[in-house]
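Written below as structure tokens is the structure these notes are about.
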Number of protein chains: 2
Amino acid sequence: MDRFVSNFTNRLDSKGRVSIPASFRAVLARDGFEGLYVHPGLDAPALDAGGNALLGEIDALLASLSPYSEERDHLSTALLGTSEVLKIDPEGRVILTESLKAHAGITDTVTLVGHGHKFQIWEPEHFRQHLDEARARVRDLKKTLGARLAARPGSSPPPGVPGT
Amino acid sequence: MDRFVSNFTNRLDSKGRVSIPASFRAVLARDGFEGLYVHPGLDAPALDAGGNALLGEIDALLASLSPYSEERDHLSTALLGTSEVLKIDPEGRVILTESLKAHAGITDTVTLVGHGHKFQIWEPEHFRQHLDEARARVRDLKKTLGARLAARPGSSPPPGVPGT
DNA sequence: GTCGATTCCATTGACGCCCATATGGTCCCA
DNA sequence: TGGGACCATATGGGCGTCAATGGAATCGAC
């Protein structure tokens with residue numbers, strides 16, 4: 001598998017170490033990034049983490065804005081300015097900085113959630129709520145999407161047209 | 001055969017393992033995906049399972065949304081974040097995670113239902129109810145479809161719908 | 001020397017892999 | 001055409017390996 005999928009809930013030990021799930025580590029290894037790139041989520045009490053794929057996305061986003069624009073400066077500050085590159089120890093664990101933990105409200109447990117090219121780190125209870133909301137939104141969104149996809153023949157995925 | 005067809009009801013053993021029907025395994029093998037990709041149904045107490053074909057459908061869906069939109073984030077959370085890539089043991093069995101079983105109300109038996117490019121996993125009794133309702137709905141739909149197809153002769157999907 | 005950080009080692013429990021059994025269906029042959 | 005050998009799939013359990021976790025040991029810096 002070449003992307004972050006599924007979710008895991010792991011504990012922080014007395015030294016503040018958290019295990020990165022083995023499957024996530026496999027993706028990172030393939031991605032070829034040394035360590036773990038982490039930054040606070042822009043609009044959620046969560047952390048975004050990943051490797052080169054995530055960095056690339058951020059670069060692309062910044063590149064899409066004009067060099068000296070205020071937006072770019074703000075975005076650069078929010079993303080790059082607050083990022084951390086965490087070391088991964090021999091057992092596949094990282095130590096989150098205090099500011100990162102504070103942003104996500106993390107104390108002694110985290111939920112790591114796959115998002116394809118990156119993954120998020122949540123305080124478990126916050127994630128439950130976020131997931132509930134996401135599901136609710138998606139139920140509505142799905143109807144809209146179904147209509148949109150049906151209306152744009154070329155974009156409909158291969159064989160199976162209808163969703164269930 | 002290159003799509004999931006028919007339905008099977010199998011038991012979970014004491015370790016929570018379920019056999020994937022041989023015919024489904026054949027489709028997966030042709031699809032070329034290692035393991036089984038599974039995610040909770042968005043609007044039904046069932047699980048969606050499949051291989052690259054299913055993954056491709058999800059990718060297409062996510063790709064149709066702008067990278068940093070809320071919609072995309074929610075969809076990604078609900079789909080990728082709750083997905084599992086299950087390993088298939090040498091006997092063709094998988095172990096469903098607790099959260100997957102909880103979502104579908106699965107305890108010791110499941111019904112696997114072919115849906116062409118993917119298949120669903122249901123708690124047998126839930127599926128019976130779902131089937132009854134589906135049948136009722138189809139009776140109405142059929143009239144509509146019959147009318148539509150009759151009106152657009154060329155659009156009827158002949159024998160072989162191109163596989164993926 | 002003390003404190004912090006990083007690496008090493010040990011434990012536990014889950015998971016993957018192996019082999020064994022049961023059951024149903026198919027095919028062959030008398 | 002009926003009976004029986006054969007095969008494939010579903011199912012059950014035992015065992016080794018790996019990952020998550022906790023704590024000890026080592027290294028480096030101030």
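Protein chains get the first letters and strands the later ones, always in sequence-line order, with residue 1 at the start of each.
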Is atom CZ of A/Arg25 surrounded by more than 12 heavy atoms (other residues, nucleotides or ligands) closer than 6.0 Å?
yes
Is there a donor N/O on one and an acceptor N/O on the other, under 3.5 Å, for the side chain of A/Arg11 and the base of D/dG22?
no
Going by heavy atoms closer than 4.0 Å, what residues in residues 20-34 of chain A are next to DNA chain D?
A/Ile20, A/Pro21, A/Ala22, A/Arg25
Could you tell me if A/Glu84 and A/His39 have a donor-acceptor pair between their side chains, going purely by distance under 3.5 Å?
no
Are A/Thr111 and A/Thr9 close enough that a side-chain donor and a side-chain acceptor fall under 3.5 Å?
yes
Near-strand residues of residues 91-105 of chain B, defined as heavy-atom separation under 4.0 angstrom from DNA chain C:
B/Glu91, B/Arg93
DNA chain C contacts among residues 108-128 of chain A, heavy-atom distance under 4.0 Å:
none
In the single-linkage hydrophobic clustering (I, L, V, M, F, W, Y; side-chain heavy atoms under 4.5 Å), do B/Leu62 and B/Val38 co-cluster?
no
Starting from B/Val18, can I reach B/Tyr37 by hopping between I/L/V/M/F/W/Y residues whose side chains sit under 4.5 Å apart?
no
For the pair A/His115 (side chain) and A/Val5 (backbone), establish whether a donor and an acceptor sit closer than 3.5 Å, ignoring hydrogens and angles.
no
Reading DNA chain C 5' to 3', which nucleotide is the first, and which the last, to come under 4.0 Å of any heavy atom in chain A?
C/dT6 to C/dC9
Sugar-phosphate only, base, or nothing, as touched by A/Lys15 at under 4.0 Å among non-hydrogen atoms
base
In whole angstroms, how far is the [atom2] atom of [N] from the [atom1] atom of [X]?
{"X": "A/Asn10", "N": "D/dA19", "atom1": "CG", "atom2": "P", "answer": "13 Å"}
{"X": "A/Asp89", "N": "D/dT21", "atom1": "CG", "atom2": "C1'", "answer": "11 Å"}
{"X": "B/Leu12", "N": "D/dT11", "atom1": "CG", "atom2": "P", "answer": "9 Å"}

Based on the rotation axes of five pairs at each end, what angle does the helix from C/dG1-D/dC30 to C/dA30-D/dT1 bend through, to 10°?
30°
Taking the basic N atoms (NZ, or NE/NH1/NH2) and the acidic carboxylate oxygens, is any pair closer than 4.0 Å for A/Asp31 and A/Lys118?
no
Qualifying salt bridge (Lys or Arg N to Asp or Glu O under 4.0 Å) pairs with a residue from residues 104-115 of chain A, counting only residues at least two apart or across chains
none
Should the pair A/Phe24 and A/Phe8 be assigned to parallel (<30°), tilted (30 to 60°) or perpendicular (>60°) ring geometry?
perpendicular
Check step by step if salt bridge (Lys or Arg N to Asp or Glu O under 4.0 Å) holds for B/Glu91 and B/Arg17.
CA-CA 10 Å; B/Glu91 283 74 34; B/Arg17 298 177 295 192; 5.9 Å; no
Verdict with supporting geometry, B/Leu79 and A/Val138, side-chain contact (heavy atoms from CB on, under 4.5 Å)
CA-CA 10 Å; B/Leu79 288 176; A/Val138 168; over 6 Å; no
